[in-house]
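Any value given below was found using the heavy atoms of this structure, including those in side chains, with hydrogens, waters and symmetry copies removed. In this chain, numbering begins with 1 at the start of the sequence shown. The model shown is predicted, which means the values in this text are computed figures rather than measured ones.
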Amino acid sequence: MTTGTLKPSKEKKSRKSKQVVIVDEKSPLLPTKKHEADGGSDEFDGASFSGAVFNLSTTIVGAGIMALPATMKVLGLVVGIAMIIFMAFLTEASIELLLRYSRTAKSVSYAGLMGDAFGKYGRMLIQICVIVNNIGVLVVYMIIIGDVLSGTTSSGVHHAGVLEAWFGQHWWNGRFFVLLFTTLAVFAPLASLKRIDSLGYTSALSVALAIVFLVITVGITVYKLISGTVLMPRLFPNVTDLTSFLNLFTVVPVLVTAYICHYNVHSIDNELEDNTQIKAVVRTALSLCSSVYVLTSIFGFLLFGDATLDDVLANFDTDLGIPYSSLLNDIVRVSYAAHLMLVFPIVFYPLRINLDGLLFPSARSLNSDNLRFASLSVGLIAVVLLGANFIPSIWDAFQFTGATAAVCIGFIFPAAVTLRDRYGIATKRDKILCIFMIVLAVFSNAVAIYSDTYALFKKNPTQRA
């Protein structure tokens, strides 16, 4: 996603025809066709359909999938699965509105579209929301990686990490050192890449690792179903009083965060060789991700039931009652930790660009200023690293980002642009849908925030090692 004062090219031809796009010095950081990175002359001929699908899928399937089985514990399987599917359709509708208005306004970024609709304050607002959301998401990634490798403690029960189980407790496999090493060895090199399409292969690998996690989880659950050791799951929510009813809304921010990818749609669209394929890219990515979400939620909840933790990976530290349980546990946890490491740069990419656009709106292209590029990258990675060592759990991070920035990025802002309707292209159906999205988003998240705040005063928050 690009930021700043975005001016569409004065002359733009089909990417398919391999024509040059003429832009000025304020043009978006992501080229529509050719890009001279760092003053070089290398030409970029456009991203492929599969590469775009993998990048968008990687943006979607991040840490949110790990909290989805816990939402089944709150909603029950029937309502929970229905909500996952419903959110997929709602996400597609909001992205379609973004793309339609972006085409009409000739905006090549989310910030540009908000600037076109609401001026510089609209552009600044979306930039701030993306910054808050993506920092929160990256903190969640690091928390999960720390939990997997170094262990975590929930409700007084310690869940050993992979390194701790293999080598015992040492200073070098403590949470802070492990996250610091991961940051320097993995995150920093990947975050230094300046074009999102450069991450196409790592995105494909990250999706494959997520599927490895899913296949093993499904296999373990099917084995236990056949052996008759899986209890009947709860199908519907258990509502006994007002508090339990309000608690249902605490899953909304988690579901919203699970599908947020809007901040990368324009970046991926701008790099596509044929940008008429972007709608198919979105549908394919959402179909793939929602299928993974549904299967993970069903089989994760079947496997652990009401013992499902906020981060389901932490459940894979005990004997599952199957052959090679310890080996499979390690494969599941390590494969998903590796997945998150590869997802990190996809989310970090728009974070850095939006912060640059907010702080230096009139500066030259970030890609051509190595000092600014490096300074922003180092500063942001440091903030995320510190956050991961002080925020208590992924549920807390999801609640905050999902109830604030994520819901604005995913639903409120696309609906606001449509209702603003500067170009008179919104249909009656569009406006009804947008009003519904805003009311649902505001009401659900207000109740979720109230419920969480109320819970904080009723009991001590879960502590993490």
Side-chain angles (χ1 to χ4, degrees), residues 1-13 15 21-35 47 52 55-56 59 94-134 194-197 260-272 275-276 278-279 281-282 349-368 376 405 408-426 434:
M1 180 169 128
T2 58
T3 55
T5 303
L6 299 167
K7 297 179 182 179
S9 59
K10 296 177 181 177
E11 203 175 299
K12 183 175 181 179
K13 298 185 180 181
R15 294 185 177 103
V21 177
I22 298 175
V23 296
D24 61 21
E25 63 178 1
K26 298 285 188 180
S27 62
L29 300 177
L30 292 174
T32 53
K33 185 67 202 118
K34 297 182 180 180
H35 175 59
N55 278 334
L56 190 59
T59 305
S94 66
I95 293 175
E96 192 278 328
L97 292 173
L98 277 184
L99 291 171
R100 191 197 315 169
Y101 276 87
S102 295
R103 294 283 190 268
T104 304
K106 295 183 173 59
S107 296
V108 292
S109 75
Y110 200 158
L113 179 61
M114 286 292 289
D116 178 78
F118 301 106
K120 69 175 183 178
Y121 294 110
R123 184 177 66 251
M124 291 173 63
L125 188 57
I126 183 62
Q127 289 168 341
I128 292 171
C129 285
V130 171
I131 291 168
V132 171
N133 177 78
N134 288 26
K194 294 185 176 181
R195 201 178 67 231
I196 198 169
D197 188 61
I260 291 300
C261 60
H262 303 63
Y263 51 80
N264 258 349
V265 169
H266 289 85
S267 298
I268 292 169
D269 181 29
N270 292 339
E271 289 192 357
L272 265 177
N275 65 356
T276 61
I278 186 60
K279 289 186 178 180
V281 167
V282 171
Y349 184 89
L351 169 60
R352 178 176 51 213
I353 292 180
N354 278 274
L355 181 60
D356 178 68
L358 185 65
L359 298 180
F360 310 105
S362 301
R364 60 176 174 155
S365 168
L366 179 61
N367 284 8
S368 61
L376 289 173
C408 291
I409 295 169
F411 302 109
I412 293 178
F413 290 165
V417 168
T418 304
L419 293 174
R420 176 77 171 81
D421 198 19
R422 281 197 63 197
Y423 302 96
I425 60 173
C434 290

Check: Cys261 and Ile95 side chains under 4.5 Å, non-hydrogen atoms: yes

Using every non-hydrogen atom in the two residues, find where Ser102 and His266 come nearest and quote the distance to one decimal. OG-NE2, 2.7 Å

Hey, what do you get for CG (Leu56) to CD1 (Ile268), rounding to the nearest 0.5 Å? 4.5 Å

For the backbone of Arg422 and the side chain of Tyr101, can you confirm whether one donor and one acceptor N or O come within less than 3.5 Å of each other? no

Determine the minimum heavy-atom distance between Cys408 and Tyr110, stating which atoms define it. O-OH, 4.1 Å

Reported CG-to-CD1 distance for the pair Leu97 and Ile425, which is rounded to 0.5 angstrom: 9.0 Å

With sequence neighbours excluded, what pairs up with Arg420 under the side-chain hydrogen bond (donor to acceptor under 3.5 Å, both in side chains) test? none

Give the minimum heavy-atom separation between Tyr263 and Pro350, together with the two atoms involved. CD1-CG, 3.3 Å

Do the non-hydrogen side-chain atoms of Ile278 and Arg103 ever get within less than 4.5 Å of each other? yes

Under 3.5 Å, is there a donor-acceptor pair between the Thr59 and Asn264 side chains? yes

Any chance you could measure Thr276, atom OG1, to Asp269, atom CG, to the nearest 0.5 Å? 9.5 Å

For Leu99 and Val265: C-alpha separation, side-chain torsions, deciding distance, then whether side-chain contact (heavy atoms from CB on, under 4.5 Å) applies. CA-CA 9 Å; Leu99 291 171; Val265 169; 3.8 Å; yes

Just verifying a value: how many Å separate Leu366 CG and Asp356 CG, rounded to the nearest 0.5 Å? 4.5 Å

Across all chains, not counting sequence neighbours, the side-chain hydrogen bond (donor to acceptor under 3.5 Å, both in side chains) partners of Thr418 are none

Looking only at heavy atoms, the pair that brings Ser94 and His262 closest together is OG-NE2, 2.8 Å

Non-neighbouring partners of Ile131 that pass side-chain contact (heavy atoms from CB on, under 4.5 Å), sequence neighbours left out: Ile135, Leu351, Asn354, Leu355, Leu358

Between Arg123 and Ala111 the two heavy atoms that sit nearest each other are CG-O, 3.5 Å

To the nearest 0.5 Å, tell me how far Phe413 CZ sits from Ile126 CD1. 5.0 Å

Taking Gly112's backbone N and O only, do any of them form a donor-acceptor pair with Asp116's side chain (distance below 3.5 Å, no angle check)? no

Salt bridge (charged side-chain N to carboxylate O under 4.0 Å, His left out) filter on Lys120, not counting sequence neighbours, yields none

Minimum side-chain heavy-atom gap Leu113-Leu98 below 4.5 Å: yes

